[in-house]
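Proteins come first, then strands; the chains are lettered A, B, ... in the order of their sequence lines, and each starts at number 1.
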Protein chains: 2
Amino acid sequence: MSLTTGRRMMDQTVASPPDAAVSGVLTQLYGFLSAARLPDDGRLPPERELAELLGVKRAELRKGLAVLEREGQLWRHVGKGTFVGPRPPQLLDISDLAQRSNPLQVMKARIGLEPELARLAAINATAAEVTTLAELNTACRASTTWREYEAYDARFHHQIAEAAHNPILLALLETLNAVRRAVTWGRPRPSHSSPPADHHSFDDHDRIVDAIAHREPAGAADAMRRHLQNVEDRLIGRSP
Amino acid sequence: MSLTTGRRMMDQTVASPPDAAVSGVLTQLYGFLSAARLPDDGRLPPERELAELLGVKRAELRKGLAVLEREGQLWRHVGKGTFVGPRPPQLLDISDLAQRSNPLQVMKARIGLEPELARLAAINATAAEVTTLAELNTACRASTTWREYEAYDARFHHQIAEAAHNPILLALLETLNAVRRAVTWGRPRPSHSSPPADHHSFDDHDRIVDAIAHREPAGAADAMRRHLQNVEDRLIGRSP
DNA sequence: GTTTCAACCAATTTCAAAATGGTTGCAATC
DNA sequence: GATTGCAACCATTTTGAAATTGGTTGAAAC
């Protein structure tokens, strides 16, 4: 019953009713799944073996497995096997990800992550962390080259992520930064010029530091969001 | 050469001019690096080979390589080799991260990520993706076990992330989910009971789907934020 | 006492063979 | 004639042994 509800969902092809033909295998499969003692990783026997175990042909078994896979109750992969449970996410390949991304998408991701980090930082930052943050902000202003500015800017944002005291979000931001570096590769900044004294980021950073120092979570998130929005606008070419 | 080096293995102190003994090898190394045609990955020959090429002892070569490595001009790894350029960023260790985290921090991370994903989904989702999302929502309601519900719930949230059409944020959410599974392990749900018909998530999901279907970015982000806030409240024990 | 050399260690790569899900072509069966 | 059964084949992955490679040690040599 729950079988039929799940199957109709993804049925992209023309409605041929294989229900009756497959239902027998499905019942056997459910019986096996509840009876068999599976290994910790949830792997079940190879198709050729399982087919013999259940006394069905391999093609028939595969139809049943396909149904269960569409329901999301198991997942399969060539060379690996068949496993019960949801399909595990493919682990992160930075360079591959960078190739499939562009700087604008990186900015969208930063806008997704960093305001919340600023919010948490306003709640959880220690006094020492706020001090360090202010110092990094000062160092940004004092930078004489773009390269130096970017180094301090990166540490500024990283310091906020640390002050949020959430190891997961911190790790996600570091991953994002790795992608950012990989994406940005190949489009170097001018190394001789320096950030102008009225660079918009300076004021943005001030507001972020103030909000965190004054323990204003909403204000910190908002200041960060506006800052990144400004950066994105510059990136797009709006208000250069 | 007759100098008393008194060198400790991990002498991390401020960069002092390299010993006279090492400078010879360093010059040879610099010469080799500028002359040799290295493969694309920047890998240079194995130490044993390179030592013979330069006509120096392996121990001596290693001293020079150590200097260059400290300068950040190359990086080495056992079994891999020696490569010119900066050391590639280490990708994160899920299980280690899970050990340093708790379910509440996972929720904070979700609140940081998923509202923005919902916002982008309201902008970028295709009609087919919205349809699939609605179907997954229906499947959640129709679930007869917690296990089945959670499977559909996970796919629901994943579908939103896909509909956002931002590979970076999608990858970050998948990473987060991997951590979530690792953290949640060991506290199984009752497998026989089923989600109550008035489960708060049902209405929450409805609002999210509506906002995305009606292309309301702010509304989608808000609905998602409220949903996750509800889940967090349940997690903490407030309003069980 | 330092240097040199060879051996050893641990992490990784490489290579071939086996395993495994996915597919195809052809014959058998109804 | 369409479905089913069967076997072979394909592409990916795992496995395991051997070779590779950076890192380390200890004794011999100078």
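Heavy-atom distances to DNA chain D give each of B:Arg48 and A:Ala59 a nearest nucleotide, and the one nearer the 5′ end belongs to A:Ala59.
Whole-Å rounding puts the B:Arg62 CZ to D:dT25 C1' distance at 12 Å. Across the protein-nucleic acid pair, A:Leu74 atom CG and C:dG21 atom P stand 11 Å apart, rounded to whole Å. Rounded to an integer number of Å, the gap from B:Leu50 CG to D:dT21 P is 12 Å. Atom CD of B:Glu47 is separated from atom C1' of D:dT24 by 12 Å (rounded to the nearest Å). Between B:Leu61 atom CG and C:dT4 atom P the separation is 13 Å, expressed in whole Å. Separating the CD atom of B:Glu52 from the P atom of C:dA6 is a distance of 12 Å, rounded to the nearest angstrom. In this structure, the CZ atom of A:Arg58 is 12 Å from the P atom of D:dA7, given to the nearest Å. Put simply, NZ on A:Lys80 is 14 Å from C1' on D:dT15, counting in whole angstrom units.
Not one N or O on the side chain of A:Asn124 forms a donor-acceptor pair closer than 3.5 Å with the backbone of A:His165.
Ionic pairing of B:Lys80 and B:Asp41 is not present here: no N-O contact between side-chain nitrogen and carboxylate oxygen is shorter than 4.0 angstrom. With salt bridges taken as basic N to acidic carboxylate O contacts below 4.0 Å, one links A:Glu69 and A:Arg87.
The phosphate of D:dT21 (OP1 or OP2) has no side-chain N or O of B:Thr82 nearer than 4.0 angstrom. Residue A:Lys57 places none of its side-chain N or O atoms closer than 4.0 Å to OP1 or OP2 of D:dT4. For A:His77, a side-chain nitrogen or oxygen approaches OP1 or OP2 of D:dT13 to under 4.0 Å.
The shortest distance between side-chain heavy atoms of A:Asn102 and A:Val106 does not fall below 4.5 Å.
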